[in-house]
Amino acid sequence: MALSGEAKRETTYRRNGLWFAAMAHRISGLALVLFLPLHFLALGLAIENEAALEGFLRWSDLTVVKLAEAGLVALLVIHLLGGLRLLVVENFGWSDAQKSAATIAASIAALIGFIFLVRVL
Amino acid sequence: LQRASAALLAPFVLGHLAVMFYATGSSLTAADILGRTSGSIGWALFYCAFVIVVAVHGAIGLRAIAIEWGHVGERKADAVMLVTGAVLVLLGLRAVFAVIAPGVA
């Protein structure tokens, strides 16, 4: 709802596919950096003894955990491909094929996440 | 530094993805995982380097988010970055030690 006397906030940029790509890159990065300490703490259980790590690994056999792991793999691939896109744009310039490449990258990330899920389930 | 760490991370991430896919195709018990990783100098070097570069990259990224979404000043953002980097390096190197150092577990 537009406020009287004020310009309506411009949000049409959010319909740009490459804005989604940039947002996906940021959100995936945020999720990964928040996840990493947990990953390191889990591996660090091996310092206590093998049984502690084994206990954690058996908990990670739960289906919901495996789904989350597959999601994390997909996020990692999204972030990797989004970062590569940025490096290409900044070093080799823009091309109209970028949008197609971003879509293909998202598809690859989803595919790799799915393959990982199938392997662990 | 963010772009340089990103470029460095690409092969590390691909290597880690390959390791994960190999591991999920093999046994995932603690004994089997530690049997594969324990005592390996090569993997120790790989993952120590990976941890350091990830810590740099993640810390700088979080600094950018703190400024743009958290609306904090540069000094606070720098503090976020330093704390994040330190936590990731310390926990990461500890994790590498945990799975590589022979006789730890």
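FYI, side chains are in, hydrogens and waters are out, and symmetry mates aren't considered; it's all heavy atoms of this structure. In what follows, chains carry the letters A, B, and so on, assigned in the order in which the sequence lines appear, proteins first and then strands, with residues in each chain numbered from 1. On a predicted model such as this, the values are computed, not experimentally measured, just so you know.
Identified under the side-chain hydrogen bond (donor to acceptor under 3.5 Å, both in side chains) test for residues 70-79 of chain A, with sequence neighbours left out: His25(A)-His79(A), Ser28(A)-His79(A).
Ranked by heavy-atom pairs under 4.5 Å with chain A, the list Gly58(B), Gly61(B), Gly92(B), Ala55(B) is led by Gly92(B). Interface remark: of the candidates Ala42(A), Gly83(A), Pro37(A), Pro37(A) forms the most heavy-atom pairs closer than 4.5 Å to chain B.
Heavy-atom distances place the side chain of Val54(B), and not its backbone, under 4.5 Å from chain A. For a residue to count as touching a neighbouring chain, one of its non-hydrogen atoms must lie under 4.5 Å from one of that chain's; by this rule Leu81(A) does not touch chain B. For Leu14(B), the part lying near chain A is the side chain, with the backbone staying farther off; criterion is any non-hydrogen pair under 4.5 Å. For chain A, the nearby part of Leu62(B) is the side chain; its heavy atoms alone come within less than 4.5 Å. For a residue to count as touching a neighbouring chain, one of its non-hydrogen atoms must lie under 4.5 Å from one of that chain's; by this rule Leu90(B) does not touch chain A.
No more than 12 heavy atoms of other residues, nucleotides or ligands shown are found within 6.0 angstrom of CD1 on Ile41(B).
Proximity to chain A among residues 77-85 of chain B is limited to Thr84(B), judged by heavy-atom separations below 4.5 angstrom.
Residue Phe35(A) is not grouped with residue Ile52(B) when hydrophobic side chains (ILVMFWY) are merged at heavy-atom distances under 4.5 angstrom, including chains of intermediate members.
You'll find the side chain of Leu76(A) reaches within 4.5 Å of the side chain of Leu32(A), heavy atoms only. The shortest distance between side-chain heavy atoms of Glu69(A) and Met20(B) does not fall below 4.5 Å.
Contacts of His16(B) classified as ring pair (Phe, Tyr, Trp, His ring centres under 6.0 Å), with partners at least two apart in sequence or in another chain: Tyr47(B), Phe50(B). Residues passing the ring pair (Phe, Tyr, Trp, His ring centres under 6.0 Å) test with Phe40(A), sequence neighbours excluded: none.
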Should Val33(A) and His57(B) be marked as a side chain to side chain contact (heavy atoms under 4.5 Å, CB included) after you check the CA-CA gap, both sets of side-chain angles, and the distance that decides it? CA-CA 9 Å; Val33(A) 82; His57(B) 187 75; over 6 Å; no
For the pair Leu43(A) and His39(A), evaluate side chain to side chain contact (heavy atoms under 4.5 Å, CB included) and give the outcome as yes or no after the intermediate values. CA-CA 6 Å; Leu43(A) 290 171; His39(A) 184 41; 4.0 Å; yes
